[in-house]
Amino acid sequence: MNPFVDDIVEILSTAAQLPATDVAELLAIPPDDSLGDYALPCFTLAKVLRKNPAQIAQDIADAAGPAIDGSTRLAAVQAAGPYVNVRLEKAAFIGWVLAAIGEQGESFGSQNQGAGRTVTIDFSSPNLARPFSIAHLRSTAIGHAIYRIHEFLGYRCVGINHYGDYGANFGQLLAAYQMWGDEQKVAADPVPELLALYVRFNDEVEKDPDLREESRSRLRRLADGDEEMVSLWRFFVDAGRKEAERIYGILGVHFDEYKGEGDFADDFDSVIGLFHEKGLAEESDGALIVRLKDEEGEEGAPCMLRTSNGTSTYHSRDIAALLYRKREHAFDKMVYVTDNRQALHFRQVFQTLSLAGIEWIDRCEHAPFGMMSFKGQALSTRKGRMVILEDVLDQAINLTREIIAEKNPDLKDADDVARQIGISAVVYADVSNRRTRDISFSLEEVLNFDGETGPYLQYTHARYCSILRRYGTAVDGEADPSRLGEPAEMRVARALGSFPGVLARAERENEPSYVATFLIDLATQANKLYNEVPVLIAEDPAVKAARIRLVDAVRGVLRTGMTLLGMSCPEEM
RNA sequence: GCCCCCGUAGCUCAGUCGGAUAGAGCAACAGAUUCCUAAUCUGUGGGUCGCAGGUUCAAGUCCUGUCGGGGGUACCA
């Protein structure tokens with residue numbers, strides 16, 4: 001795939017008289033590019049050859065010398081202690097990267113590894129009884145990025161919103177509404193009114209535990225199809241969905257399927273039938289369970305399919321939903337983007353289906369993410385301690401407006417650009433951390449636009465757009481890159497060249513933060529580049545044209561990467 | 001008790017398969033704009049990679065134990 005690496009492997013394996021696969025396996029990248037572009041550590045060879053690794057490195061470098069001299073891609077080979085360092089022919093490497101980007105255009109980075117495959121991604125899936133808080137952004141932003149990355153790699157994607165429209169939260173809402181709700185106020189502006197009712201219920205239930213019965217009885221009536229309860233519940237769900245879809249509109253997130261948990265509450269008989277058939281289901285304390293064992297054979301928490309009251313469970317509903325998805329979408333990969341707390345739940349679901357002989361269960365993955373805390377405390381809707389996502393977005397947008405007014409008062413569509421920057425800043429702050437980390441939300445940090453942030457990426461992109469705009473004429477895709485080779489140019493090219501590998505890893509591990517880290521690196525190198533070498537004021541027109549090609553490539557890859565993370569890319573800011 | 005995640009600079013975090021001197025950003029301080037947008041760039045200070053063993057030529061990275069934080073552990077989802 002990379003002819004430069006292929007050449008190094010071929011030459012060094014011949015020189016060292018080693019199998020090519022061994023050399024490819026050992027090949028590393030030196031910590032500093034002044035040492036070289038690739039390195040072969042010789043420690044492991046020392047044992048076999050019974051020689052000092054530095055001597056081995058020297059021998060290999062000597063033996064490889066002539067072949068390197070004859071190579072158009074490789075410039076030099078040198079032993080440095082126990083390492084054989086190889087330097088690339090810079091202009092050739094930059095030219096190769098530019099050619100690849102030129103050929104593949106906007107699809108550069110994709111190796112089309114998802115062609116012919118379908119992935120279903122369950123993400124965001126908010127509980128509609130609660131407001132859309134900053135904590136919901138995690139699953140939404142991470143899931144959306146995973147969706148876009150898969151789509152870019154050629155997968156057919158089905159984004160599923162498995163929203164919560166079922167369970168105790170709704171009982172609480174029904175009770176609170178009927179006890180204290182003001183029909184007109186709720187009808188006029190449901191979201192904040194319902195939130196207030198929800199918080200009040202949880203507040204009062206602490207003082208008066210008997211209130212729980214108010215909730216439970218209504219839940220029973222709902223389950224029995226009581227008309228009053230059903231129509232109220234429907235109203236709550238509709239209001240919650242409208243609100244969620246409004247937020248998705250702001251974020252630019254799209255789902256291919258909306259199905260609530262409640263949609264799988266009634267058809268779980270088939271799930272139970274499946275486990276009865278296999279002889280796996282058994283009665284225990286009135287509930288129906290499947291016993292599970294961990295790796296050591298110890299009995300762990302069982303998977304409960306039906307409660308002693310005869311109702312469905314989180315497990316049976318999720319299993320029903322999963323079977324439905326397999327039938328409906330015939331996925332090759334299924335990703336659940338939920339918080340870490342549900343790790344055991346998914347292990348149980350997967351293990352239970354595995355016991356039942358469902359062989360495709362190994363294509364299902366849980367992509368967990370860490371908890372979000374706020375000022376050292378967990379966010380809790382029940383206790384009214386929460387950060388409403390839209391408030392954060394609004395603050396980010398307003399701050400951006402101020403910055404634009406100060407730095408670029410003549411910017412046209414300033415309001416639109418402020419929205420793009422503010423929203424992307426918040427999204428970036430979320431997807432830039434590795435998924436499994438617990439993150440502490442800090443408004444101050446999200447609203448700092450200096451350094452490794454969303455606006456930094458957008459700024460770099462906008463500056464590159466600006467260079468191309470001022471260049472005036474179309475980019476010459478044939479401009480000769482042989483005049484390039486400045487260290488700054490080489491570093492940018494190396495970053496560009498790493499994009500396909502980064503995306504492959506991001507897909508494999510369902511980890512969008514790899515793309516975020518990549519973009520910061522690319523933008524950093526790109527910013528250094530225009531500080532170090534002149535582009536528009538380059539004296540030699542041939543050099544200028546070649547640099548413009550490089551600038552255009554950076555602009556394109558920045559745009560692709562930011563889009564994959566769900567960010568927008570204004571051309572001016 | 002058992003299971004999962006996390007622990008790297010004052011703060012927030014990177015760190016592919018174990019490789020050369022552990023890196024960024026923020027905050028602090030000092031610089032760079034007659035020149036492509038200073039939301040940028042350059043420099044300075046800042047480290048017992050939680051701790052202890054082990055494996056290895058080589059450990060932030062792998063193994064065991066331990067401490068600290070968070071979460072989970074059959075009728076919430």
Side-chain angles (χ1 to χ4, degrees), chain A residues 25-32 35 39 41 43-44 46-47 53 80-83 85 125 127 164 166-169 171 261 284-289 294 298 300-309 311 313-315 317-318 338-345 347-348 368-371 373 378 400 403-404 406-408 411 421 425 429 432-440 442 444-445 448-460 462-471 501-502 505 509 513-514 516-517 520-521 523-524 527-528 530-532 534-538 551 572-573:
Chain A
E25 182 80 12
L26 288 169
L27 212 58
I29 290 171
D32 191 309
L35 290 163
F43 304 100
T44 44
K47 218 170 210 176
Y83 294 90
N85 291 327
S125 305
N127 187 310
Y166 188 91
N169 287 309
E261 258 190 285
S284 174
D285 295 341
L288 191 72
I289 63 163
D294 66 19
E298 300 275 321
C303 177
M304 185 183 294
L305 299 174
R306 191 179 60 206
T307 69
S308 51
N309 297 325
T311 58
T313 65
Y314 185 32
H315 289 103
R317 289 192 297 276
D318 244 356
T338 79
D339 65 75
N340 223 334
R341 285 184 299 193
Q342 299 180 47
L344 176 62
H345 167 74
R347 260 207 321 276
Q348 291 175 312
F369 54 84
M371 302 292 294
S373 62
T400 309
I403 296 174
I404 289 173
E406 182 198 326
K407 292 180 186 285
N408 198 354
L411 182 65
I421 294 171
S432 60
N433 285 301
R434 283 195 70 137
R435 256 184 17 231
T436 48
R437 280 194 98 90
D438 289 343
I439 67 176
S440 63
S442 154
E444 199 185 334
E445 232 165 276
N448 185 341
F449 293 173
D450 297 328
E452 298 173 347
T453 64
Y456 175 81
L457 298 179
Q458 290 172 315
Y459 174 77
T460 309
R463 287 228 30 194
Y464 269 59
C465 287
S466 166
I467 293 173
L468 293 170
R469 221 171 21 247
R470 283 170 182 269
Y471 181 59
V502 168
R505 223 159 50 94
E509 296 178 37
S513 73
Y514 291 154
T517 305
I520 289 294
D521 178 49
T524 301
N527 281 319
K528 288 181 202 285
Y530 69 56
N531 271 282
E532 285 174 29
V535 178
L536 292 180
I537 48 179
V551 165
E572 282 181 73
M573 62 188 270

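Every chain is numbered from 1 and lettered A, B, ... according to where its sequence line falls, protein lines coming before strand lines. Heavy-atom basis, side chains included; hydrogens, waters and symmetry copies ignored.
One can place CD1 of A/Ile520 at 12 Å from P of B/A14, the figure rounded to the nearest angstrom.
In this model, a side-chain donor or acceptor of A/Ser284 finds a partner on the base of B/A74 within 3.5 Å. The base of B/U16 sits with one of its N or O atoms less than 3.5 Å from a complementary donor or acceptor on the side chain of A/Arg505. Applying the 3.5 Å distance criterion, the base of B/C36 shares no donor-acceptor pair with the side chain of A/Ser466. With hydrogens and angles ignored, no donor-acceptor pair under 3.5 angstrom links the side chain of A/Asn527 to the base of B/A39.
Taking only side-chain nitrogens and oxygens, A/Arg463 never comes nearer than 4.0 Å to OP1 or OP2 of B/A39. Between A/Asn433 and B/C6 there is no side-chain polar atom (N or O) within less than 4.0 angstrom of OP1 or OP2. Proximity of A/Arg317 to the phosphate of B/A77: a side-chain N or O atom is located under 4.0 Å from OP1 or OP2.
Among the atoms of the strands shown, only primed sugar atoms or phosphate atoms (P, OP1, OP2) are found under 4.0 Å from some heavy atom of A/Ala168. Across all strands shown, A/Ser513 has no heavy atoms under 4.0 Å from either base or sugar-phosphate atoms. Contacts of A/Thr44 with the nucleic acid, taken as non-hydrogen atoms under 4.0 Å apart, include base atoms. The residue A/Arg341 sits close only to the backbone: its heavy atoms come under 4.0 Å of sugar-phosphate atoms, none of a base. Within 4.0 Å of A/Tyr514, counting heavy atoms only, lie sugar-phosphate atoms of the nucleic acid but no base atom. Across all strands, A/Leu344 comes closer than 4.0 Å only to sugar-phosphate atoms, never to a base (heavy-atom distances).
Judged by ring centres under 5.5 Å apart and planes tilted less than 30 degrees, A/Tyr166 fails to stack against the six-membered base ring of B/A77. The side-chain ring of A/Tyr83 is stacked on the base of B/A20, judged by centre separation under 5.5 angstrom and plane angle under 30 degrees.
With its glycosidic angle more than 90° from 0, B/C63 is assigned anti.
Here, B/U8 and B/G46 have their C1' atoms 14 Å apart, quoted to the whole Å.
For A/Asp285, the side-chain atoms get nearest to B/C75 when compared with the rest of B/A14, B/C13, B/C75. The side chain of A/Glu261 lies closest to B/A77, out of B/A77, B/U40, B/C3. When distances run from any side-chain atom of A/Asn340 to the nucleotides B/U37, B/A20, B/C4, the shortest one goes to B/C4. Picking from B/A39, B/A24, B/C41 the nucleotide with the shortest atom distance to the side chain of A/Lys528 gives B/C41. For A/Glu452, the side-chain atoms get nearest to B/A24 when compared with the rest of B/A20, B/A27, B/A24. When each of B/C75, B/C3, B/U37 is scored by its nearest atom to the side-chain atoms of A/Ser308, the top-ranked nucleotide is B/C75.
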(message) Both atom distances under 3.5 Å, Watson-Crick or G-U wobble: I'd like the secondary structure of RNA chain B as a dot-bracket string, with | for pairs made across strands.
(response) (((((((..((((.....[...)))).(((((.......))))).....(((((..]....))))))))))))....
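Closest-nucleotide positions on RNA chain B for A/Pro534 and A/Ile439 were compared, and the one nearer the 5' end corresponds to A/Ile439. With RNA chain B read from its 5' end, the first of the two nearest nucleotides for A/Thr400 and A/Arg437 is the one closest to A/Arg437.
Using modelled atom types and a 3.5 Å distance limit, the side chains of A/Tyr456 and A/Asn527 yield a donor-acceptor pair.
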